[in-house]
Chemist: 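Handing you a structure now.
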Amino acid sequence: MSMDKHHHHQMPLTKSASRQRYNEWVFRDVPSDITIEVDGAIFSLHKFPLVSRSGRIRRLVAEHRDSDISRIELVSLPGGSESFELAAKFCYGVNFEITSSNVAQLCCVSDYLEMSEDHSKNNLGSRAEEYLDSIVCKNLEMCVEVLRQSENLLPLADELKIVSRCIDAVASKACVEQIASSFSRLEYSSSGRLHMSKQANCEGDWWIEDLSVLRIDLYQRVITAMKFRGVRPESIAASLVSYAKEELIQKSISGSKEKLVVETIVSLMPVEKFVVPLSFLFGLLRSAVMLDCNAACRLDLERRIGSQLDIATLDDILIPSFRHAGDTMFDVDTVHRILVNFSQQEGDSDDEMEDVSVFESDSPTATPSQTALFKVSKLVDNYLAEIAPDANLKLNKFIAIAETLPAHARTVHDGLYRAIDVYLKAHLTLSDPDKRRLCKSIDFQKLSQEAGAHAAQNERLPLQSIVQVLYFEQLRLRNALFCSYPDDDIKPMHQSWRINSGALSAAMSPKDNYASLRRENRELKLELARMRMRLNDLEKDHVCMKRDMQKSSSRRFMKSFSKRIGKKFNIFGHSSSRESTNSPSRHSERTDSKITDRT
């Protein structure tokens, strides 16, 4: 839209240009009779064209008619000298173009100078309003530009409803774009049914990057309006990611503004699960911790991350600590809260599935909740191993992380054992009671054969833990032998058996307790060594049996083999009455010289 008088001039870009160029369109053959000052810029003009269009200037001139006023200062004029120059051009009838870059300024300055229809027909205010309603509000990009120009015109731009009209238009246009995009994807299948084809991510959401130019307060209002209008959560999330990338990475902004951006983005995130990328959530959480954002912001991020922790990586949860120098290298407290959120949400999902679990009990596949638990348990064990070498990491915090998940989350305890072993290596001054408290987290029955063998010789473990390892190693071997030859006189050991070390008399002195544990440890090691030897013998016999069966299939061979096996297994059976009178301690003392005591 153009102002149709005399000359055509574009709007000056700077104050200095305004000072130098205003005399290009002012009447040169008529002496100036009024001087207008705006933000330090001086305009030597004429009263008649100004008072014919501006009610404010007319009133000021009328109030000082007796003093023959020749100088007026316009304080706090919206848009400054640039806006006033455009208004003055209009008063002089100079032609210039109204655009999305200046329409907000024109609306505000016309309101300030009272350039309305009440004062003069076809005045600047009505021209600007017409352009805003008929041109700008029908175009999303132009609305965004007007909003950007309005940032420096608040609160007047809000009072004139310039901002609200543009925000409503943006939200409405975005919603219409998505509906149109959805209709364009409707197609008929080979069977004649109408269905929707697959859509690329955020197709039809070309406006996402356009919004990144807005200031955070206006951006917040636009996104809120979009959510109210029903714009897809995926599109909202994509816009938030784009805006955060622009504001927090590409721009160099102050800490306080950065903090406001993070808190606002978090408050705008859709409630739907898996809509916001997990890596983005972790990035925001790191920023929130570093900037010390409010508790509501951090807790919301931790809750969202906890709901999809099973797809997180180790790098994700290694959040640096930004506190005082004596603190841990990584922010353990934040990760602990995330794990608590995950455990609580998993518990809630288990409660919801109780009614259907009866019907799915025969299903060989794990439920999504179980699968998530298994994945998170591995993640936690790797995290513990990573933070364990930190000398400032307190035992209570390490144990809290290890024990956050329920007992059934770990099917194998190798990862937890490895992490605890790393912690023991890095904290050599740990007391024996603390070591025992730490190792209570390990279920030694769930160690693999390799981990069990390592633990049995690990001098960093407390003595009671080593006894448990040896006991369960002996149990494993006994049961393996029993399963291999069930018809022979081998008595299996059951998991319900209790080892003596777990039921030591409270009346015994610590010295006696320790001596008893050492004795039991030696006995278990001796028995374990014997059982391994016997298992090797049985494996050799098995090989011989296969070879003999290839040579002969006679009953006499089978009979001789049975006798031979019977003799072997007699070792595991009841000993003679004379041998049974020997106490275990004496028996271990006779063989103690042959077994290296690693305790």
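In what follows, residues are counted from 1 in the order of the sequence shown.
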Chemist: Taking atom types as modelled, is there a side-chain donor on D39 or S81 under 3.5 Å from an acceptor on the other?
Modeler: no

Chemist: Near M290 CE, under 6.0 Å, is it more than 12 heavy atoms from other residues, nucleotides or ligands?
Modeler: yes

Chemist: Going by side chain to side chain contact (heavy atoms under 4.5 Å, CB included), name the residues that satisfy it together with S239, two or more places apart in sequence or in a different chain.
Modeler: W207, I208, L211, Y219, I223

Chemist: Ignoring hydrogens and angles, state whether a donor on the side chain of D316 or T313 is under 3.5 Å from an acceptor on the partner side chain.
Modeler: yes

Chemist: Name all residues meeting the side chain to side chain contact (heavy atoms under 4.5 Å, CB included) criterion together with R148; count only those two or more places apart in sequence or in a different chain, and write none if there are none.
Modeler: E145, E151, V213, L214

Chemist: Counting only N and O atoms by type, is there a donor-acceptor contact under 3.5 Å from the side chain of T224 to the main-chain atoms of Q220?
Modeler: yes

Chemist: Return yes if a side-chain donor-acceptor contact under 3.5 Å exists between S242 and E209, otherwise no.
Modeler: no

Chemist: Can a donor-acceptor pair be found between the side chains of S120 and R53 at a distance below 3.5 Å?
Modeler: yes

Chemist: Quick one: pull up CG in L278 and CG in D310 and give me the separation to the nearest 0.5 Å.
Modeler: 9.0 Å

Chemist: Kindly state each residue pair satisfying side chain to side chain donor-acceptor pair (under 3.5 Å) with at least one member in residues 261-275, sequence neighbours excluded.
Modeler: E263-N294

Chemist: Closer than 4.0 angstrom, basic N to acidic O: yes or no for D333 and R337?
Modeler: no

Chemist: Checking the side chain of S150 only, and the main-chain atoms of L153 only, is there a donor and an acceptor separated by less than 3.5 Å?
Modeler: no

Chemist: Check step by step if salt bridge (charged side-chain N to carboxylate O under 4.0 Å, His left out) holds for D158 and R221.
Modeler: CA-CA 12 Å; D158 245 339; R221 292 171 63 178; 2.9 Å; yes

Chemist: Mind running side-chain contact (heavy atoms from CB on, under 4.5 Å) on L154 and D217 for me, showing each step along the way?
Modeler: CA-CA 11 Å; L154 297 174; D217 53 339; 4.2 Å; yes

Chemist: May I ask you to check whether E114 and S54 show a side-chain donor-acceptor distance below 3.5 Å?
Modeler: no

Chemist: Assess whether atom NZ of K245 is packed by more than 12 heavy atoms of other residues, nucleotides or ligands within 6.0 Å.
Modeler: no

Chemist: Indicate whether the side chain of N152 and that of R215 have a donor and an acceptor atom separated by less than 3.5 Å.
Modeler: no

Chemist: Does K173 come within less than 4.0 Å of D168, counting only side-chain N to carboxylate O?
Modeler: no

Chemist: Any carboxylate oxygen within less than 4.0 angstrom of a Lys/Arg side-chain nitrogen, looking at R418 and D421?
Modeler: no

Chemist: Taking R165 for the side chain and L160 for the main chain, is one N or O donor matched with an acceptor at less than 3.5 Å?
Modeler: yes

Chemist: Does C297 form a side-chain contact (heavy atoms from CB on, under 4.5 Å) with V262? I'd like the steps, not just the answer.
Modeler: CA-CA 8 Å; C297 171; V262 172; 4.2 Å; yes

Chemist: Using the side chain to side chain donor-acceptor pair (under 3.5 Å) rule, take S321 and D331 through it: C-alpha gap first, then chi angles, then the decisive distance, then the call.
Modeler: CA-CA 5 Å; S321 179; D331 191 343; 5.7 Å; no

Chemist: Cation-pi between R127 and F90: NZ/CZ under 6.0 Å from ring centre and within 45° of the ring axis?
Modeler: no

Chemist: Rounded to the nearest 0.5 Å, how far apart are CG of L318 and CG of D315?
Modeler: 6.0 Å

Chemist: May I ask you to check whether over 12 heavy atoms, not counting those of F274, lie within 6.0 Å of atom CZ?
Modeler: yes

Chemist: Would D133 and K138 pass as an ion pair if we require N to O under 4.0 Å?
Modeler: no

